[in-house]
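Keep in mind that the numbers below use all heavy atoms, side chains included, and drop hydrogens, waters and symmetry copies. Position 1 is the first residue of the sequence; numbering continues from there. Just so you know, ligand 1 is whichever comes first in the structure, and atom 1 is the first atom listed for that ligand.
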Amino acid sequence: MEPDIVLSAPIAVIGTGPAGLITAHVLLQDGFSNVHLLTRDKTVGGVWARERVYPSLYINNVHGEYRFSALQMPVPARAEETGGRLSGYDMCSYMETFARTHVEDKIKIRFQTEILNLQRRGDGIWVVAIKNLISETNEELLYSRVVVCTGGSSKPYIPDSLSSSNAEKCQFHGPVIHFNESWSRMTDILAATEPIQQEGENRSNTHPIVVIGGGKSAQEWVLSPSRRARAEPIVSFSACTYLVNEGRRVANVFETVNAFVASPKPLPNFIRKSRMTGICSPSIVLRSRLERFLHTTWIGSKIVKYIWDRLTANSFATYKVPLNSPLRLSRSLFWQLRGGDEGVYRPNSYHSFVNSGTIEVVAPARAVGFTEDSVLLSTGERLPAKAVIVCTGYSSSWDGLFDSKIDACLVSDSPVDLKTTETTIAEIGLTNEPLELEAKVNDAWDYTTLANAPTVDPKSERWSNPMYRGIVPAKNIMKRDLAMNGAVFTPNCGYTFELCAHWISAYFRVDAMRLPSTMEQALVQAERNSMWMKRRFPGAGSYINQSYGSSLPYFSWPQAMDELLEDMYMPSMRSGGNWFTWPFKVISVDELASLTEERRAKRNGASAM
Ligand SMILES: Cc1cc2nc3c(=O)[nH]c(=O)nc-3n(C[C@H](O)[C@H](O)[C@H](O)COP(=O)(O)OP(=O)(O)OC[C@H]3O[C@@H](n4cnc5c(N)ncnc54)[C@H](O)[C@@H]3O)c2cc1C
Ligand SMILES: *[C@@H]1O[C@H](CO)[C@@H](O)[C@H](O)[C@H]1NC(C)=O
Ligand SMILES: *[C@@H]1O[C@H](CO)[C@@H](O)[C@H](O)[C@H]1NC(C)=O
Ligand SMILES: CC(=O)N[C@H]1CO[C@H](CO)[C@@H](O)[C@@H]1O
């Protein structure tokens with residue numbers, strides 16, 4: 001195709017979270033002239049949108065880790081004490097500014113537009129069925145290409161037994177709310193419960209708000225209602241007086257809790273922001289001699305184990321977590337995908353409140369249902385409750401997007417014949433079924449650091465993720481008309497989403513790239529990555545969904561990012577350093593600032609030849 005035809009063809013970018021915003025920005029920078037950015041929200045930011053963030057939300061990242069190269073982020077308040085920890089509001093303001101100055105200066109975002117369904121017609125055109133949430137009408141839009149940036153935390157998952165309809169059946173009349181609505185429905189929650197009248201009052205006389213789940217959302221939430229927070233100065237709750245003054249009794253139920261990292265002082269940048277953690281985590285390819293030493297020799301594995309054990313011990317020590325504390329009901333940091341980063345000690349954090357008994361913990365236990373006035377536990381116990389917050393995670397936001405269940409909602413004179421619609425999902429191969437290609441994958445990954453993996457139910461390992469690099473459905477790779485951004489799971493979303501956006505743009509532009517040359521090769525690579533994910537993070541399939549875990553480099557994200565750069569024939573290892581200093585060099589997203597230019601130069605150089 002002629003370059004100007006490629007560049008002027010309409011592209012839909014779905015979602016205005018960080019991934020959608022940076023994808024639109026990079027495509028526009030790259031010369032695509034017909035980019036449409038759609039979201040069902042009223043404002044930009046996704047998880048960090050103004051309609052979602054709430055006062056006590058602090059994120060796992062510190063200043064500099066979660067931003068894009070085109071815009072600096074102001075240093076957050078009290079950075080010295082907190083190590084630069086970012087709040088939900090910091091993220092929100094940043095995303096709003098980025099959208100205003102780097103996206104909305106070129107295109108108009110279409111808000112309150114829910115995507116119901118994506119289907120590819122026989123002629124290759126994407127038919128995007130949308131619902132206009134203002135006029136309550138349905139419509140179809142046509143695009144040549146689609147980038148799905150709908151996020152990992154936009155479709156709440158609630159097991160049937162804990163749903164509000166089941167609660168009603170069981171005559172439990174208090175509010176039962178998924179975490180995603182906990183802030184917007186705060187008044188209901190508060191109305192259902194009485195505050196503790198004074199310090200030292202016998203708490204067991206009031207029924208608590210029961211928070212179900214041991215993940216980050218559960219923890220963050222229970223922070224706000226605790227009256228203790230009021231007195232503590234380190235993290236500012238000034239915007240939170242509303243909540244804090246409403247001190248409620250809170251009980252948290254979980255089977256296992258997230259592992260966490262904390263240290264008495266903020267970690268220095270040469271550890272926190274360098275390749276250090278990445279090197280100490282085995283990755284799908286061991287790219288350096290140092291990594292091969294650490295992960296394939298006996299002595300290397302001892303060093304790696306020592307480092308992770310120290311980090312864990314140091315974190316427990318920082319919070320003085322007693323040996324019998326439920327906070328120790330976590331998988332080790334090394335094997336865990338959902339570690340929380342607490343940074344430094346905070347007297348008013350979840351962990352402090354559990355230690356002091358301000359937050360009651362019921363664990364290990366699983367909530368399995370309701371009675372009139374309590375939550376039913378797997379242990380047979382009944383936990384009295386007035387209101388319930390269900391923090392059971394999210395399912396894939398791609399579920400249902402590509403299937404034909406929505407056909408009934410389409411406008412009746414739809415030009416799309418139904419037979420075509422049913423085949424989109426099959427055509428792009430976005431299933432969860434193992435591909436049975438194991439025999440074609442040669443890697444055994446007999447790393448010494450992967451010995452003694454935790455055992456998991458083999459049934460839970462019957463899944464596969466047929467995405468190439470976590471970005472493109474492998475089966476669709478030759479078509480170059482569909483990609484996803486936001487599903488490569490790393491602790492540095494800013495860097496990852498920006499680089500994935502470049503990869504997608506290069507892929508759409510048909511730039512010279514290192515790509516599989518056949519669909520079959522792409523499928524084998526996708527299966528290889530699925531096998532690796534199961535090996536590296538056993539059991540992950542039971543809670544990681546496609547839209548936030550299509551690929552799981554996690555700690556080894558710098559290596560995965562280098563691979564993406566090399567896919568575009570761009571220089572990798574951009575943090576530099578010599579043979580001795582490279583592991584300690586700080587990785588900054590500024591390394592990507594000139595990538596559009598570099599890619600343009602390469603493209604022009606190549607076509608001049
Ligand atoms: C409580 C909480 C804490 C977190 N903490 C951290 C952290 O500390 N560090 C970190 O890196 N990450 C954290 N995350 C993960 C967070 O999801 C990512 O940081 C980031 O927001 C993902 O960006 P995204 O653009 O992929 O998706 P999102 O931010 O989820 O944005 C998705 C966008 O897609 C839109 N959308 C979805 N479906 C449709 C549809 N059908 N039609 C139209 N629009 C649609 C949404 O409206 C939204 O605009 C946290 C998430 C939660 C919920
Ligand atoms: C929470 O999820 C439900 C179900 O998907 C959705 O209808 C609702 O709008 C979400 N709320 C927020 C605040 O995102
Ligand atoms: C608190 O109340 C419970 C039940 O009403 C009672 O069993 C318990 O002894 C009381 N505790 C204190 C410290 O008064
Ligand atoms: C691979 C997959 O789909 N995993 C999970 C997605 O999320 C739900 C709820 O957390 C799980 O039940 C799925 O197994």
Side-chain angles (χ1 to χ4, degrees), residues 12-24 37-54 56-62 65-67 85-88 90-92 95 99 109-118 128-133 147-158 163-164 177-185 213 215-221 223 258 338-343 390-391 393-402 406 484-497 500-501 547-550 554 557:
V13 177
I14 302 171
T16 51
L21 293 175
I22 190 66
T23 302
L37 186 51
L38 315 163
T39 177
R40 65 174 166 223
D41 289 347
K42 292 188 186 120
T43 57
V44 299
V47 162
W48 316 109
R50 203 152 289 274
E51 51 202 284
R52 286 202 189 89
V53 286
Y54 48 93
S56 67
L57 178 62
Y58 276 78
I59 85 164
N60 274 341
N61 299 96
V62 298
E65 282 175 351
Y66 201 150
R67 69 170 180 92
R85 190 139 304 263
L86 300 172
S87 69
D90 294 328
M91 295 302 297
C92 176
M95 292 304 156
I109 299 173
R110 186 162 173 171
F111 291 102
Q112 294 186 273
T113 303
E114 168 137 39
I115 281 49
L116 303 173
N117 185 240
L118 295 164
V128 177
I130 62 152
K131 177 173 184 174
N132 180 327
L133 298 177
V147 190
V148 179
C149 308
T150 46
S153 314
S154 58
K155 194 168 173 176
Y157 167 76
I158 305 178
S163 65
S164 53
I177 293 170
H178 186 271
F179 172 71
N180 86 318
E181 304 245 87
S182 59
W183 179 238
S184 55
R185 293 191 53 195
K216 185 170 164 67
S217 20
Q219 298 176 2
E220 281 304 331
W221 199 89
L223 266 184
N258 275 10
R338 294 187 294 185
D341 188 340
E342 288 298 309
V390 189
C391 303
Y394 296 86
S395 38
S396 175
S397 61
W398 307 341
D399 287 354
L401 266 192
F402 294 94
I406 310 289
M484 280 71 165
N485 196 355
V488 177
F489 189 85
T490 80
N492 194 316
C493 290
Y495 196 112
T496 303
F497 296 173
C500 287
S547 69
Y548 63 101
S550 271
Y554 199 32
W557 69 274

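- Asp41 contributes no side-chain N or O that, together with a main-chain N or O of Val44, makes up a donor-acceptor pair within less than 3.5 Å.
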Any chance you could lay out the side-chain contact (heavy atoms from CB on, under 4.5 Å) test for Trp557 and Val488, step after step, and finish with the verdict?
CA-CA 9 Å; Trp557 69 274; Val488 177; over 6 Å; no
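- Among the atoms of Ala19, some N or O lies under 3.5 angstrom from an N or O of ligand 1.
- Salt-bridge formation is detected for the pair Asp341/Arg85: a Lys NZ or Arg NE/NH1/NH2 atom is positioned less than 4.0 Å from an Asp or Glu carboxylate oxygen.
- Using a non-hydrogen distance threshold of 4.0 Å, Tyr548 does not register as a contact of ligand 1.
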side-chain contact (heavy atoms from CB on, under 4.5 Å) between Thr16 and Met95: does it pass, once the steps are laid out?
CA-CA 9 Å; Thr16 51; Met95 292 304 156; over 6 Å; no
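- No donor-acceptor pair under 3.5 Å is formed between the side chain of Glu114 and the backbone N or O of Thr39.
- Checking only distances, Leu401 never comes within under 3.5 Å of ligand 1, N or O to N or O.
- Around atom 33 (C) of ligand 1, the closest heavy atom drawn from Cys149, Gly151, Gly45, Pro491 belongs to Cys149.
- Taking every non-hydrogen atom of Trp48 and a distance limit under 4.0 Å, the qualifying atoms of ligand 1 come out as 4 (C), 5 (N), 6 (C), 13 (C), 14 (N), 19 (O), 20 (C), 21 (O).
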Applying side-chain contact (heavy atoms from CB on, under 4.5 Å), run through His178 and Ser164 and close with a yes or a no.
CA-CA 9 Å; His178 186 271; Ser164 53; over 6 Å; no
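- Against a heavy-atom cut-off of under 4.0 Å, Ser154 is close to the following atoms of ligand 1: 37 (C).
- Against a heavy-atom cut-off of under 4.0 Å, Ser153 is close to the following atoms of ligand 1: 17 (O), 51 (C), 53 (C).
- With ligand atoms numbered from 1 in the order given, ligand 1 contributes 11 (O), 19 (O) to contacts under 4.0 Å with heavy atoms of Cys493.
- Checked by distance only, ligand 1 and Asn485 stay at 3.5 Å or farther apart across all their nitrogen or oxygen atoms.
- No donor-acceptor pair closer than 3.5 Å links the side chain of Asn117 to the backbone N or O of Ala129.
- Residue-ligand proximity: Thr113 is placed with a non-hydrogen atom under 4.0 Å from ligand 1.
- Considering both main-chain and side-chain atoms, Phe497 never comes within under 3.5 Å of ligand 1 through any nitrogen or oxygen pair.
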Where do Glu342 and Tyr58 land on the side-chain contact (heavy atoms from CB on, under 4.5 Å) test, with the steps shown first?
CA-CA 9 Å; Glu342 288 298 309; Tyr58 276 78; over 6 Å; no
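- Short contacts between ligand 1 and Tyr66, defined as distances under 4.0 Å to a heavy atom of the residue, involve ligand atoms 10 (C), 11 (O), 18 (C), 19 (O), 20 (C), 21 (O).
- The shortest N/O to N/O separation between Asp41 and ligand 1 falls below 3.5 Å.
- Heavy-atom distances between Tyr58 and ligand 1 stay at or above 4.0 Å for every pair.
- Assignment of Ser397 to the shell around ligand 1 is not supported, since no heavy atom sits closer than 4.0 Å.
- The CZ atom of Arg185 lies 10.0 Å from the CG atom of Asn180; values are rounded to the nearest 0.5 Å.
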Kindly print each ligand 2 N/O atom paired with any protein N/O atom under 3.5 angstrom away, one pair per line, or none if nothing qualifies.
unit_1: ligand 2; atom_1: 2 (O); unit_2: Asn180; atom_2: ND2; d: 2.4
unit_1: ligand 2; atom_1: 11 (N); unit_2: Asn180; atom_2: ND2; d: 3.0
unit_1: ligand 2; atom_1: 11 (N); unit_2: Glu181; atom_2: OE1; d: 2.8
unit_1: ligand 2; atom_1: 14 (O); unit_2: Arg52; atom_2: NE; d: 3.2

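- Closest heavy-atom approach to atom 41 (N) of ligand 1 among the candidates Val148, Leu86, Asn60, Ile115: Ile115.
- For the side-chain contact (heavy atoms from CB on, under 4.5 Å) with Ser397, the qualifying choice from Ile115, Val148, Thr150 is Thr150, the only one to do so.
- Under the 3.5 Å distance criterion, the side-chain polar atoms of Glu65 are matched with a main-chain donor or acceptor of Val62.
- Below 30°, between 30° and 60°, or above 60°: for Phe489 and Tyr554 the angle between ring planes is between 30° and 60°, a tilted geometry.
- Residue contact check: Gly17 has heavy atoms under 4.0 Å from atoms 25 (O), 29 (O), 31 (O), 33 (C), 49 (O) of ligand 1.
- Under a 4.0 Å criterion applied to the non-hydrogen atoms of Gly15, ligand 1 contributes the atoms 33 (C), 34 (O), 35 (C), 49 (O).
- The closest donor-acceptor contact from the side chain of Asn485 to the backbone of Cys149 lies at 3.5 Å or more, if one exists at all.
- Every atom of ligand 1 with a heavy atom of Gly486 under 4.0 Å away is listed here by number and element: 26 (O).
- Nearest heavy-atom pair across Asn61 and Pro491 is ND2-O, 2.9 Å.
- For the pair Arg40 and ligand 1, the shortest N or O to N or O distance falls below 3.5 Å.
- Counting only distance, with no hydrogens or angles, the side chain of Thr496 and the backbone of Gly494 share no donor-acceptor pair below 3.5 Å.
- A search for side chain to side chain donor-acceptor pair (under 3.5 Å) contacts involving Gln112 returns nothing, not counting sequence neighbours.
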